[in-house]
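Single-structure report; data block below.
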Amino acid sequence: MINEIYLRRKNKLILSDGKGTSPQKNHIASILLNIENLGYTLSKNVIEQLYTYNEEQLNELYLVLVKGIKKLIGADRRYNPMYPNFPNQVMEASDSELFINAIIHYWSEGSLLPEYALEERLPLFDLTNTKVIELGSITDFDSIFTNLLSSKTSISETDNNDIVWFFSNLKERVESILPKEIPLKENMALVSKLLITNKLNTDSIFNYVKTATDVLRLATSLSEGDVSLSTNSKFKSFKRSERRLLLSLLENCNNIEEDMKRYKNRWIRLGERLHPTEFKKYTNVKAAFTKLRNNEYISTFNGTVADSLKNNNVNYALSLLSKRPGEFTRKLDHLIRLHDNPNVIVNEFKNVSDKVESTILLQVREHFLNRNNAKEKRAFFPKGNVAKLYVIDNELTTIDERICRAIISICENSLVGQYKKKEYLGKVYLDDSFRNYLVPFSQRSASKSLKTVVRGSKINIEESTKTIRSFIYWKEERHDRTDIDLSAIMYDENWNYLEHVSYTNLRSSKYQSYHSGDITSAPNGASEFIDLDLESVRKYGGRYIVLSINSFTGQTFKELPECFMGWMDRENPNSGEIYEPKTIENRMDVTSESEVCIPMILDLHDNKVIWTDIALKSNPNFYNNVEGNKIGMVLMGKALTTLVKPNLYDLIELNIKARGEKCDNIEEADTVFSLNKGITPYDHDIIVSQYL
């Protein structure tokens, strides 16, 4: 399992010394040949280590390695689209043949498929980039988890699951990976829970838990609830030892009454599980619960600030907020618009900026860099475990550009000051492509994928790519027919609808785009493919293509035993297999509690894939096909393609300014940031722990 995680996260393996007496070169060559067919190869260091392995060890490694790679890219499943000789078969079929096949399939409730002989396919002509598997170490493997626990931003469910595995299976190494501080409260709750449930030393929990809300998160985590606290969770019946620990932690916190009032109803429900009156001590806790239950008045900071702003007493609100720099910075835009003299706000911000978290400063900097850019809509992702997108009208009045520039300058100076305290980087090479990737501020709802990408990031489409082949695979629960549909909708540069390819329209001759056939049941697994000829779409004015996955039969993706999607870059789509592992660019599990997913948007003007990974409870206008959702799709498409968020290039450049020297020659660099060498945009554990 260590190597399964290590391979998935870092393309590395941990290999012990072998027991062989002489190199098994033929066996090693066979391993290389087989994994190259999957798009992978082994580094020189790995091969040298394998020279020490005997035949039995090589066979054992091969089975583990191939299984892991196939699982990563989805090659462990069989892909049987309705038209097995796709795409030519769909191109050449008559309208009546496609219609009759579909009707028979629908009438049989998905049990009957047309029978066609599988034709011999040409070998793959495309040139592909091979991924190199490197030799790793236990120390490097452990550092992944120290980095994740040191993150200042929320991590993904996949990250959480890997941390859970580490605590459960490598208990003897847990203490060595624990950082002194856990900045993210959700990580704090997870780690504290794992220390408790795995019966490890819990002393460090008292260092990590600092507020009443921290205790609430821990109780929620122990109850398998939503530790982001964006939704209500049901509390379990705690053991007496757990109750005593939670009450002790709460008693040690300051200002618990004010903090508990923020989540009053949840605390009342939690109190019913903790029974604080059963214990003689915990006097502060018992007093706080009494006030909450009896609706006694509790003064709160946020309430006082809100009242001051409501009554236009901005100066008093400012005096309060200055004592809490983070809250002050989050309200900066609002305060500037309210105050008669915005310079007062700017000067006060300068005084407190060095006490503001770097993550907040980065987002405020980006906000004011683009503050006055005219946009009819504003888009944002609310906190939570489902990737929702909210789009609202942009009603913000403009702010003097001099004020904006002053705030940007303050943010940058404070960030450089914070980054100077980190380790010196030496000469740094920074690839310009990092401008396309966004800073991973919130990954809690990110889907598990071959390459972990932040929503809104833009992935280059190779110039040699002629066709993007997207795919979906799913399997249904027994006796629960499940119909998942893959669709592609094309728009021009102004988001005017042009065409779509879906179960209602299997082909577009004008845009040379084809669907592999609508399958409506998947007891043994089913797959659909869409080929998009990029040049044909461009030729007729197309710019954006929105990929959409719909649950036609109404199940949420989380209810399915298996569901994933991805895409391939194809130069010669009629060569090679329909599902060709070598050409896979990315693959993601579709597991959200939703019925609709928009995984990506193609921008053919910039020749990029915009990674969106958006999940919706149902279609925007409650239709289960793309024809009924044109307005909703356009609204989301515009929002997702114009997102303004801090990018990795700017983040790393600020780090270089603070603690390094930029160089143009990658060979001379001590620290490298690029797509394929050194630290890549996909190394989120390193970025969130060492560069934020």
Under 3.5 Å donor-acceptor, T671 side chain and L425 backbone: yes
Enclosure of K67 NZ (heavy-atom neighbours >12, cutoff 6.0 Å): no
Flag for D226-S228: side-chain donor and acceptor within less than 3.5 Å: yes
Trace of the side-chain hydrogen bond (donor to acceptor under 3.5 Å, both in side chains) decision for S575 with N572: CA-CA 6 Å; S575 72; N572 302 282; 4.7 Å; no
Carboxylate-amine/guanidinium contact D162 R8, below 4.0 Å: yes
By ring-ring contact (aromatic ring centres under 6.0 Å, His included) - contacts of Y83 (at least two apart): Y116
Enclosure of K657 NZ (heavy-atom neighbours >12, cutoff 6.0 Å): no
Partner set under ring-ring contact (aromatic ring centres under 6.0 Å, His included) for Y6, not counting sequence neighbours: F141
H684 vs I155 side-chain heavy atoms within contact, under 4.5 Å: no
Any C597 side-chain heavy atom under 4.5 Å of M588 side chain: yes
E357 vs T359, side-chain hydrogen bond (donor to acceptor under 3.5 Å, both in side chains): CA-CA, chis, key distance, verdict: CA-CA 5 Å; E357 282 284 347; T359 51; 4.7 Å; no
From CG (D531) to OG (S470), nearest 0.5 Å: 8.0 Å
E535 side, atom CD; T467 side, atom OG1 - distance, nearest 0.5 Å: 11.0 Å
Among D606, I601, N607, side chain to side chain contact (heavy atoms under 4.5 Å, CB included) partner for D603: D606
D589: side chain to side chain donor-acceptor pair (under 3.5 Å) partners, not counting sequence neighbours: R587
Contacts of type ring-ring contact (aromatic ring centres under 6.0 Å, His included), residue F529, not counting sequence neighbours: none
Neighbour count above 12 (heavy atom, 6.0 Å) for N129 CG: no
Gap separating the CG atom of L506 from the OG atom of S513, nearest 0.5 angstrom: 12.5 Å
Pairs flagged by salt bridge (charged side-chain N to carboxylate O under 4.0 Å, His left out) wherever residues 494-507 is involved - sequence neighbours left out: D95-R507
Neighbour count above 12 (heavy atom, 6.0 Å) for K558 NZ: no
With sequence neighbours excluded, residues passing side chain to side chain donor-acceptor pair (under 3.5 Å) with S464: none
Residue list, side chain to side chain contact (heavy atoms under 4.5 Å, CB included) with E562, at least two apart or on another chain: R77, Y473, K475, F564
By side chain to side chain contact (heavy atoms under 4.5 Å, CB included) - contacts of N647 (at least two apart): L438, Y649, D650
Counterpart residues, side chain to side chain donor-acceptor pair (under 3.5 Å), relative to E4 (two or more places apart): K71
Residues, nucleotides or ligands: over 12 heavy atoms within 6.0 Å of E157 CD: no
Rounded distance [0.5 Å steps], OG1 in T612 versus CD1 in I610: 8.5 Å
Check against side-chain hydrogen bond (donor to acceptor under 3.5 Å, both in side chains), E462 and T465: CA-CA 5 Å; E462 297 292 337; T465 299; over 6 Å; no
Nearest-0.5 Å distance, CH2 of residue W495 to OG1 of residue T641: 5.0 Å
Salt bridge (charged side-chain N to carboxylate O under 4.0 Å, His left out) contacts in which one or both residues fall within residues 567-578, not counting sequence neighbours: D126-R570
Considering all heavy atoms, the nearest D483-I519 contact: OD1-O, 3.2 Å
D432 CG: over 12 foreign heavy atoms closer than 6.0 Å: yes
Criterion side chain to side chain contact (heavy atoms under 4.5 Å, CB included) on L190 and E186, from CA distance to verdict: CA-CA 6 Å; L190 174 64; E186 294 170 32; over 6 Å; no
Between E134 and S43, a side-chain donor and acceptor under 3.5 Å: yes
Stepwise ring pair (Phe, Tyr, Trp, His ring centres under 6.0 Å) test for Y691 and F673: CA-CA 12 Å; Y691 294 91; F673 295 90; 5.3 Å; yes
Residues in ring-ring contact (aromatic ring centres under 6.0 Å, His included) contact with Y579, at least two apart in sequence or another chain: Y79, F471
Contacts of type side chain to side chain contact (heavy atoms under 4.5 Å, CB included), residue S156, not counting sequence neighbours: T158, D159, Q443, A446
Crowding at NZ, K70 (>12 non-hydrogen neighbours, <6.0 Å): no
Within-4.5 Å side-chain heavy-atom neighbours: P87 and N574: yes
Stepwise side-chain hydrogen bond (donor to acceptor under 3.5 Å, both in side chains) check, N550 with S548: CA-CA 6 Å; N550 292 19; S548 174; 2.8 Å; yes
Side chain to side chain contact (heavy atoms under 4.5 Å, CB included) between E476 and T553, intermediate numbers included: CA-CA 11 Å; E476 66 193 32; T553 41; over 6 Å; no
